Colleague: 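Before anything else, here's the structure in question.
Atom set for the values below is all heavy atoms of this structure, side chains included, hydrogens, waters and symmetry mates excluded. Remember, predicted model here, so these are calculated numbers, not experimental data.
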Amino acid sequence: MKITVIGCGYVGLVTAAGLAEAGHWVTGVDRDSLKINKLRHQEAPFYEKDLEPLLRRHLKTGRLTFTTSLALGVANAQIIFIAVGTPALSDGSVDLSQIETVAAQIGPQLHGYTVIVNKSTVPVGTTRRLETIIAQHTCRPVPFDVVSNPEFLREGNAVYDFINPDRIVIGTDSPQARRIMEELYRPFLKKKVPLIQTNPETAELIKYASNAFLATKISFINEIAELCEAVGADLPTVARGMGLDHRIGPEFLSAGPGYGGSCFPKDTKALIHLARSYGKQLSIVEATDAVNTRIQKAMLAKIIRILGPPAGKTIAVYGLAFKANTDDLRESPALSIIEGLLQAGARIRVHDPKALAAGRKVLGDKVTYCADEYTAAQDASAVVITTEWEQYRRLDLDLLKTKMAQAIIIDLRNLLTPEQVRAHGFLYEGIGRGSKQKVG
Ligand code: NAD
């Protein structure tokens, strides 16, 4: 099928490459000419595991092309995907300006029946609103349908998740659009991926409810971690004990510095806002959001409690990205920790395997960027692990100790084994790792 994807960010680009891999002919459109230039030169504009080889493959097969021209990009497309940003406004509501602009631009380009598929995360009611906007901008009456098709990929595993989704959700009342969407996803449906066909409102809410639930799991386990520290219990063991219950499951039970990224913070707030606009209160989601804000602040306090006043001290921060296997810094807990430590007068040396370039754009020359963990640890009074990159599990602790001014590791991702780190002469503090001693 001939497909156009508008918006070549984390979701759009993975969608474009994934659909080319499934055998479709795909044009990616983005208004950012730097991004499109990089793509034309076979370079991914951001780091996402396995994405660049896939892009290269389909730029070569010719199944994938890129343009900055929306008019050229959508010409003759049977299906137009929208995957532009839907950031949060200060009151928690969603800024729909990007998606509404795109809808207005698509209208005049429609000439025959077209399915417009929205992949951006949007409040309930937006799919129908897009229908109205597009209809207002067509040159003459022309048939089209707008379908809600939320995306559930995880950054860092986005390519795998797109190609192996847990489910495909299609929200439309139009039988014709449903048939076309089934045809589009046939290579996936052949692999027995569950398909949910529903109305747009349900599809839109499935996305927000899923993200709010996952965020709730994280805030829940972060509070349990605080309790573990108070009572002398070990959070990873508690989480394992919980996760082996198949009704709970092991995923999203890792305690940490609070959730970040471009989705959970904004999507929980958007769901709360949506519910309030209907006179409803989602108390659990509100608590999830409040706990996350509190946990993020508590991380800074924890570091200062262990390290003492940071003024004049050098601190090595391991990880800038909001999670491993991406260079995405949006709402990254590492950034707020770094800003807090800088304000308290610390000098910061940072390492991240993939996000140093992205970090430079945000932090400028306020911190020192280091190519490896041991350079970052030079003269440091503490190493603070902020992102769960696998390589931080395999630190050479003896070498690390020779570099540091003080042997302290504050492991905000519980990557290391406390006993092992302490055996190397470090003061070690993780999250929720109580002493396991009987408390009175
Ligand atoms: P992003 O910011 O990485 O990408 C958006 C892209 O859209 C940018 O490249 C931007 O230049 C482009 N764009 C904006 N306006 C445009 C226009 N008028 N014409 C052409 N291009 C335009 O965003 P993202 O992370 O890919 O997220 C996109 C949507 O998907 C959001 O609604 C988000 O909530 C949702 N989502 C994101 C994820 C994720 O993990 N990032 C997962 C699921 C859903």
Side-chain angles (χ1 to χ4, degrees), residues 10 46-50 153-161 211 214-215 217-222 224-226 228 234-240 242-243 249-265 292 295-296 298-300 302-303 315-338 348-356 358-359 370 372-374 376-377 382-397 400 408-418 420-421 426 428-433:
Y10 289 86
F46 48 82
Y47 176 74
E48 175 62 44
K49 191 156 61 95
D50 301 332
L153 60 77
R154 296 163 297 172
E155 276 180 38
N157 289 284
V159 171
Y160 177 87
D161 286 352
N211 271 5
L214 292 171
K217 261 186 127 175
I218 295 175
S219 279
F220 177 87
I221 206 68
N222 281 336
I224 295 294
E226 290 183 321
C228 282
D234 183 54
L235 186 274
T237 313
V238 171
R240 183 155 184 272
M242 289 170 63
E251 306 264 356
F252 278 74
L253 289 181
S254 300
Y259 56 77
S262 69
C263 293
F264 288 177
N292 198 53
I295 291 287
Q296 292 203 350
M299 291 301 120
L300 188 61
K302 183 183 180 94
I303 295 166
I315 300 172
V317 174
Y318 285 5
L320 286 172
F322 86 95
K323 66 189 285 197
N325 298 320
T326 177
D327 63 357
D328 194 347
L329 262 54
R330 290 178 286 184
E331 305 272 330
S332 174
L335 291 182
S336 59
I337 290 169
I338 289 172
I348 304 293
R349 296 171 69 81
V350 295
H351 173 262
D352 189 293
K354 296 290 178 189
L356 288 187
C370 303
D372 66 77
E373 296 92 324
Y374 307 98
V383 161
V384 180
I385 302 177
T386 40
T387 310
E388 72 281 24
W389 289 100
E390 267 306 302
Q391 68 190 66
Y392 298 150
R393 289 184 194 276
R394 297 187 296 271
L395 291 169
D396 179 338
L397 293 171
L400 191 67
I408 299 179
I409 295 181
I410 303 169
D411 178 5
L412 302 182
R413 297 289 185 168
N414 285 343
L415 296 187
L416 305 175
T417 308
Q420 265 176 22
V421 182
F426 283 86
Y428 173 88
E429 190 87 26
I431 301 281
R433 313 209 78 161

Colleague: Return the NZ to CG distance between K323 and N157, rounded to the nearest 0.5 Å.
Modeller: 6.0 Å
Colleague: Return the minimal non-hydrogen interatomic distance between L397 and Q420, and the atom names on each side.
Modeller: CD1-O, 4.4 Å
Colleague: Does a side chain donor of either D411 or Y428 reach within less than 3.5 Å of an acceptor in the other side chain?
Modeller: yes
Colleague: For Y160, is the OH atom crowded, meaning more than 12 foreign heavy atoms sit under 6.0 Å from it?
Modeller: no
Colleague: Restricting to non-hydrogen atoms, name the atom on L253 and the atom on A239 that form the minimum distance, rounded to 0.1 Å.
Modeller: O-CB, 3.3 Å
Colleague: Main chain of R330, side chain of S262: is a donor-acceptor contact present, judged purely on distance under 3.5 Å?
Modeller: no
Colleague: Consider side chain to side chain contact (heavy atoms under 4.5 Å, CB included). Of D352, V317, V350, which one does T386 pass it with?
Modeller: V317
Colleague: Can you give me the closest heavy-atom contact between F252 and L214, atom names plus distance?
Modeller: CD2-O, 3.8 Å
Colleague: Which heavy atom of L415 sits nearest to which heavy atom of R393, and what is that distance?
Modeller: O-NH1, 3.4 Å
Colleague: Looking only at non-hydrogen atoms, find the nearest pair between G260 and P333 and report the distance.
Modeller: CA-CD, 4.2 Å
Colleague: Can you give me the closest heavy-atom contact between L329 and A355, atom names plus distance?
Modeller: CD1-CB, 3.7 Å
Colleague: Given side chains that start at C-beta, do those of I385 and L416 come closer than 4.5 Å, heavy atoms only?
Modeller: yes
Colleague: Look up atom CZ in R433 and atom OG1 in T237, then write down how far apart they are to the nearest 0.5 Å.
Modeller: 7.0 Å
Colleague: Measure up the H351 and Y392 rings against each other and bin them: parallel (under 30°), tilted (30 to 60°), perpendicular (over 60°).
Modeller: perpendicular
Colleague: Rounded to the nearest 0.5 Å, what separation is found between the CG atom of D327 and the CZ atom of F46?
Modeller: 8.0 Å
Colleague: Describe, in one word, how the ring planes of Y47 and W389 are oriented to each other, choosing from parallel (under 30°), tilted (30 to 60°) and perpendicular (over 60°).
Modeller: tilted
Colleague: Would you check if E48 and Y10 make a side-chain contact, meaning some heavy-atom pair closer than 4.5 Å?
Modeller: yes
Colleague: Measure from the side-chain N and O atoms of E226 to the backbone N and O of G432, and report whether any donor-acceptor pair falls under 3.5 Å.
Modeller: no
Colleague: Are S336 and E331 side-chain neighbours, meaning at least one heavy-atom pair lies under 4.5 Å?
Modeller: no
Colleague: Do the side chains of I221 and L235 get nearer than 4.5 Å, heavy atoms only?
Modeller: yes
Colleague: May I ask you to decide if Y259's main-chain N or O and Q296's side chain share a donor-acceptor pair within less than 3.5 Å?
Modeller: yes
Colleague: To the nearest 0.5 Å, how far apart are CG in L320 and OG1 in T326?
Modeller: 12.0 Å
Colleague: Working to the nearest 0.5 Å, report the span between OH of Y318 and CD of E373.
Modeller: 6.0 Å
Colleague: Can you confirm whether D396 sits close enough to Y374 that some side-chain heavy atom of one is under 4.5 Å from a side-chain heavy atom of the other?
Modeller: yes
Colleague: Quick one: does any side-chain atom of N222 pair with a main-chain N or O of G256 as donor and acceptor, under 3.5 Å?
Modeller: yes
Colleague: Do the non-hydrogen side-chain atoms of F264 and N292 ever get within less than 4.5 Å of each other?
Modeller: no
